[in-house]
Amino acid sequence: MDIRTRSHGRRRRPNPLRRRSDVVEAWVVVLVAVLLCVVAPLAGTAAGLHTYDRARAHAEEQRAERHAVRAVVLDRPAAGPTVHGDRGHGYRAEVRWTEPEPGQQKRTAIAQVPAGTRAGDTVTVWFDGRGRTVAPPPNDVAVWQHTVAVGLGVAGGTAAIVLLARALERRVALRRRLDEWERAWARTGPRWTRRRA
């Protein structure tokens with residue numbers, strides 16, 4: 001009989017020192033490892049793929065609704081950045097551009113321009129179907145950044161939940177183990193502490 005057979009045989013024999021709580025804790029460690037190494041990354045990947053599909057569709061929808069024009073800044077932008085609804089921060093300035101449609105009309109509007117823009121500079125301004133100035137549609141980099149952020153957030157959140165559940169399980173198991181030891185000592189202690197005559 002070789003050593004491996006003997007060592008496997010020893011594991012199968014009941015160990016009087018091994019408690020049920022030890023077996024449960026060993027299985028919990030295996031479960032936590034599987035959840036952290038398999039389930040959390042899969043959850044993050046699934047969330048990322050779902051987010052990518054939605055973000056890409058949203059970006060394509062915005063690209064279809066919005067159009068860009070090259071415009072000349074007519075005056076100095078406002079002194080400080082302004083917050084404009086869901087479009088974030090931007091400097092507002094009057095701009096002029098020529099419509100590409102027949103007739104080539106010149107138009108002016110107040111639009112958001114990048115920081116550091118001066119009168120006479122040419123900028124790209126985005127408009128929606130109603131003629132309002134809007135932020136440019138997200139590009140592929142923005143879609144991927146959003147996808148990765150959501151995927152990592154879901155994977156990290158899943159891992160945090162698993163680790164929190166493990167910490168709670170350990171706390172409950174420790175409390176039960178201490179209660180078991182107290183009961184065992186209550187049965188065994190009087191026999192050990194009797195004085196010898």
Side-chain angles (χ1 to χ4, degrees), residues 31-169 171:
L31 178 65
V32 166
V34 168
L35 289 174
L36 289 176
C37 295
V38 177
V39 175
L42 284 177
T45 302
L49 290 174
H50 178 72
T51 300
Y52 176 75
D53 290 339
R54 291 190 59 175
R56 191 184 59 187
H58 182 67
E60 288 173 4
E61 182 181 298
Q62 284 188 353
R63 284 185 199 118
E65 291 174 353
R66 299 174 181 188
H67 66 280
V69 296
R70 296 291 291 163
V72 176
V73 178
L74 297 178
D75 63 355
R76 255 184 51 217
T82 57
V83 178
H84 197 269
D86 64 342
R87 294 174 235 156
H89 296 280
Y91 292 86
R92 313 271 301 157
E94 187 175 10
V95 296
R96 181 182 58 221
W97 73 98
T98 304
E99 287 287 335
E101 52 193 49
Q104 305 227 335
Q105 295 179 332
K106 291 195 182 276
R107 297 198 168 217
T108 60
I110 301 294
Q112 292 182 21
V113 296
T117 303
R118 294 180 299 228
D121 288 351
T122 302
V123 296
T124 301
V125 180
W126 286 83
F127 293 94
D128 64 7
R130 297 181 194 164
R132 297 178 301 186
T133 59
V134 293
N139 58 15
D140 290 339
V141 172
V143 169
W144 276 107
Q145 286 173 340
H146 183 65
T147 299
V148 170
V150 168
L152 289 175
V154 168
T158 303
I161 289 170
V162 168
L163 293 174
L164 179 63
R166 170 67 175 140
L168 291 173
E169 181 275 332
R171 187 176 197 134

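- Not counting sequence neighbours, the partners of Arg130 by the side-chain contact (heavy atoms from CB on, under 4.5 Å) test are Asp128, Arg132.
- Checking Val73, Thr117, Ile110 one by one against Val95, the side chain to side chain contact (heavy atoms under 4.5 Å, CB included) holds for a single residue, Val73.
- Across every non-hydrogen atom of Val125 and Ala71, the tightest pair is CG2-CB, 4.1 Å.
- Here the CZ atom belonging to Arg63 is positioned 8.5 Å from the CH2 atom belonging to Trp126, to the nearest 0.5 angstrom.
- Partners of Leu74 according to the side-chain contact (heavy atoms from CB on, under 4.5 Å) rule, which considers only residues two or more places apart in sequence or in another chain, are Glu94, Arg96, Thr108.
- The side chain to side chain donor-acceptor pair (under 3.5 Å) contacts involving residues 137-166 comprise Arg166-Glu169, where partners must be two or more places apart or lie in separate chains.
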Please report the C-alpha distance between Tyr52 and Val143 in whole Å, then the side-chain angles of each, then the deciding distance to 0.1 Å, and finally whether the side chain to side chain contact (heavy atoms under 4.5 Å, CB included) criterion is met. CA-CA 7 Å; Tyr52 176 75; Val143 169; 3.7 Å; yes
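- Checking side-chain atoms of Thr51 against main-chain N and O of Ala47 turns up a donor-acceptor pair under 3.5 Å.
- Under the side-chain contact (heavy atoms from CB on, under 4.5 Å) criterion, Thr122 pairs with Arg70, Val72, not counting sequence neighbours.
- Between Thr133 and Phe127 the shortest side-chain heavy-atom distance falls below 4.5 Å.
- Asp121 pairs by the salt bridge (charged side-chain N to carboxylate O under 4.0 Å, His left out) definition with nothing, not counting sequence neighbours.
- Side chains of Leu36 and Leu163 form a contact here, defined as non-hydrogen atoms less than 4.5 Å apart.
- Judged purely by atom type and a 3.5 angstrom limit, Arg66 has no side-chain atom pairing as donor or acceptor with the backbone of Glu61.
- Sorted by first and then second residue, the salt bridge (charged side-chain N to carboxylate O under 4.0 Å, His left out) pairs involving residues 144-156 (not counting sequence neighbours) form an empty list.
- The two atoms that bring Pro137 and Ala59 nearest to each other are CB-O, 4.3 Å, heavy atoms only.
- Sorted by first then second residue, the salt bridge (charged side-chain N to carboxylate O under 4.0 Å, His left out) pairs that include residues 144-154, not counting sequence neighbours, number zero.
- In this structure, Val162 and Leu164 have side chains that are not in contact, with every pair of non-hydrogen atoms separated by 4.5 Å or more.
- Applying the side chain to side chain donor-acceptor pair (under 3.5 Å) test to Gln62 and every residue at least two apart in sequence or in another chain returns His58.
- With sequence neighbours left out, the side-chain contact (heavy atoms from CB on, under 4.5 Å) criterion links Arg54 to His50.
- For residues 145-160, no pair satisfies salt bridge (charged side-chain N to carboxylate O under 4.0 Å, His left out), with sequence neighbours left out.
- A salt bridge (charged side-chain N to carboxylate O under 4.0 Å, His left out) check over residues 37-51, counting only residues at least two apart or in different chains, returns nothing.
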